[in-house]
There are 2 protein chains.
Amino acid sequence: MKRTRNTVQRRAVLDSLLALPGHPTAADVFGHVRESYPNLSLATVYRALHALVEQGAVLEMRVENVSRYDGGQTPHHHVVCRACGAVADAPAEALPTPVLGNLERASGFVLDRHPVQFTGICPQCVEPAARE
Amino acid sequence: MKRTRNTVQRRAVLDSLLALPGHPTAADVFGHVRESYPNLSLATVYRALHALVEQGAVLEMRVENVSRYDGGQTPHHHVVCRACGAVADAPAEALPTPVLGNLERASGFVLDRHPVQFTGICPQCVEPAARE
DNA sequence: TTCCATGCAAACGTTTTGCATTTCG
DNA sequence: CGAAATGCAAAACGTTTGCATGGAA
């Protein structure tokens, strides 16, 4: 296992990620972390986030060409609004394990137990979308 | 509903998409379509693919910052290999409808019935990954 | 004749990288 | 000390867009 150094910047990035609501982008984290560390560079944010993802402390998800990061502790799934890009969480229990078993049998893959990404329309967008 | 013109380029893009195996990227489609239409531009490929997605003839999915397109007829789900990026299909039946109901109740979203994106490890990557 | 579609090249936003320097261990 | 992390700026990447021209309806 590769060792990683315990720098202020790394801790700051993780702190910001945890402090931000929802599923922040690298730019969100950058903006937040800069309030306390004005010299911390965007490149460092990316490098820190990658390190965190690699050690499994943080989840990365892609929505519309942007990476979003999730410091989430509890296993859960993601529902993404196809209309506005909003991302919400759903509890892991909402997707029973046997279903993943089905999919593994059908696909031959060994599937991750959590974050599965669903798409749909969020409550705020449902009404406007219905008018189409 | 917006009308769209029936140009050679559009047909060529759709033909290439359907001719290519798997879930080609815009660049893949571009490469293939260029064999028959050397002057067709990448911008046109993108515009044609967007048009097709909008009319619902084609599905778009994002894997690692790249859009992949799926001319798929049959409703199905996608399993993405976290290690190598491979994408495979799983039949829609592998994910029972009541499960989506659960998730809708839990999240408040109205979810799409298909392509749900799962991540995991594909058969080719399973063995190497186990050695870690 | 209208106006949507095309080709080209330039622009865009996100993410990565090269390199000299700093800092952790 | 040696290795890894940083800051900065430049580059890379996939994708989108402005504009003049071309072609379907």
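Just so we're clear, the structure is a prediction, and the values are computed from it rather than from any experiment. Just so we're on the same page: letters track the sequence lines, and every chain starts at 1.
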inquiry  = For N65(B) and A43(B), find the nucleotide of DNA chain D closest to each by heavy atoms; which residue's nucleotide sits nearer the 5' end?
reply    =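 On the 5' side of the pair lies N65(B).
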task = Report which part of the nucleic acid T25(B) touches: base, sugar-phosphate, or nothing (heavy-atom distance under 4.0 Å, all strands).
result =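 Result for T25(B) = nothing.
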Grab the [atom1]-[atom2] distance between [X] and [N] for me, whole Å please.
X      : N       : atom1 : atom2 : result
R11(B) : dT6(C)  : CZ    : C1'   : 15 Å
L40(B) : dA5(C)  : CG    : P     : 14 Å
E54(A) : dA5(D)  : CD    : P     : 11 Å
Y69(B) : dT15(D) : OH    : C1'   : 8 Å
H50(B) : dT16(D) : NE2   : P     : 4 Å
R10(A) : dG7(D)  : CZ    : P     : 11 Å
E64(B) : dG14(D) : CD    : P     : 12 Å
Y46(B) : dA11(C) : OH    : C1'   : 15 Å

inquiry  = Check this for me: does the side-chain of R47(A) come within 3.5 Å of the base of dG7(D) through a donor and an acceptor?
reply    =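 Such a pair exists between side chain and base.
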request  = Please name all residues satisfying side-chain hydrogen bond (donor to acceptor under 3.5 Å, both in side chains) with N102(A), sequence neighbours left out, ordered by chain then number.
outcome  =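 Here no residue qualifies.
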key: Side-chain donor-acceptor pair present, H32(B), D15(B), cut-off under 3.5 Å   =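 Short answer, no.
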ask   = Judged by modelled atom types alone, do D28(A) and H23(A) share a side-chain donor-acceptor pair under 3.5 Å?
value =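 Short answer, no.
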Output the single nucleotide from [options] whose closest atom is nearest the side chain of [X].
X     : options                 : result
T7(B) : dC8(D), dC8(C), dA5(C)  : dA5(C)
Q9(A) : dT6(C), dG7(D), dT15(D) : dG7(D)
R5(A) : dT6(C), dG14(D), dA3(D) : dA3(D)

task = Examine dT15(C): is either OP1 or OP2 under 4.0 Å from a nitrogen or oxygen in the side chain of S67(A)? Give yes or no.
result =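 True: S67(A) side-chain N/O within range (under 4.0 Å) of dT15(C) OP1/OP2.
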request  = Apply salt bridge (charged side-chain N to carboxylate O under 4.0 Å, His left out) to E54(A) and R82(B), showing your working.
outcome  = CA-CA 12 Å; E54(A) 237 168 76; R82(B) 160 162 52 77; over 6 Å; no
query = Hey, is the main chain of L40(A) close enough, under 3.5 Å, to the side chain of T44(A) for a donor-acceptor pair?
reply =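 No; judged by distance alone, with no hydrogens or angles, the pair does not exist.
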